[in-house]
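Each remark here refers to the structure printed beneath this line.
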Amino acid sequence: MPNIKSSVKSIKVDAKRHARNVAEKVRMKKAQKLVLAAIANNDAAEAKKLLPAAYKAIDQAAANNTIHKNAAARKKSRLTLKINAISA
């Protein structure tokens, strides 16, 4: 444990940020998995219904700088491509 006050505070802040980032990523991944499960079952209607929730979770993660905005765009694009593939 550090002796310097600023280092102690830094450790606390880092722990808080880490917890927030992990929670954000878990929320995003759960939303994605629900869509991917619907895609695996060839249920395009269900996947399309779940897609807005996944988009929201991905966008929130990008807005909070948990993931990069280009990574968010890539994830959304790939989900949409998979849904379109089973819809056609």
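Note that the structure is a prediction, hence the values are computed from the model and not measured.
Nearest heavy-atom pair across P2 and S7 is CB-CB, 3.5 Å. When all heavy atoms are compared, the tightest approach of A31 to A57 is CB-CB, 4.1 Å. Residues V35 and L79 share a closest heavy-atom pair of CG1-CD2, 4.0 Å.
Taken together through direct or relayed side-chain contacts under 4.5 Å among Ile, Leu, Val, Met, Phe, Trp and Tyr, V22 and I67 form parts of separate hydrophobic clusters. Residues I86 and Y55 share a single hydrophobic cluster, defined by chaining ILVMFWY side chains whose heavy atoms lie under 4.5 Å apart.
To the nearest 0.5 Å, the span separating OG1 on T66 from CG on N21 amounts to 4.0 Å. The distance from atom CD1 of I58 to atom CD of Q60, rounded to the nearest 0.5 Å, is 11.0 Å.
Using a 4.5 Å heavy-atom threshold, the side chains of L36 and I39 count as touching.
Counting heavy atoms of neighbouring residues, nucleotides and ligands inside a 6.0 Å radius, atom CZ of R20 exceeds 12 of them.
Residues in residues 36-59 take part in these salt bridge (Lys or Arg N to Asp or Glu O under 4.0 Å) pairs, two or more places apart or across chains: E46-K49, D59-K76. For residues 22-32, the salt bridge (Lys or Arg N to Asp or Glu O under 4.0 Å) pairs, not counting sequence neighbours, are E24-R27.
Although no hydrogens or angles enter the test, the distance criterion places a donor-acceptor pair under 3.5 Å between the side chain of S87 and the main chain of I83.
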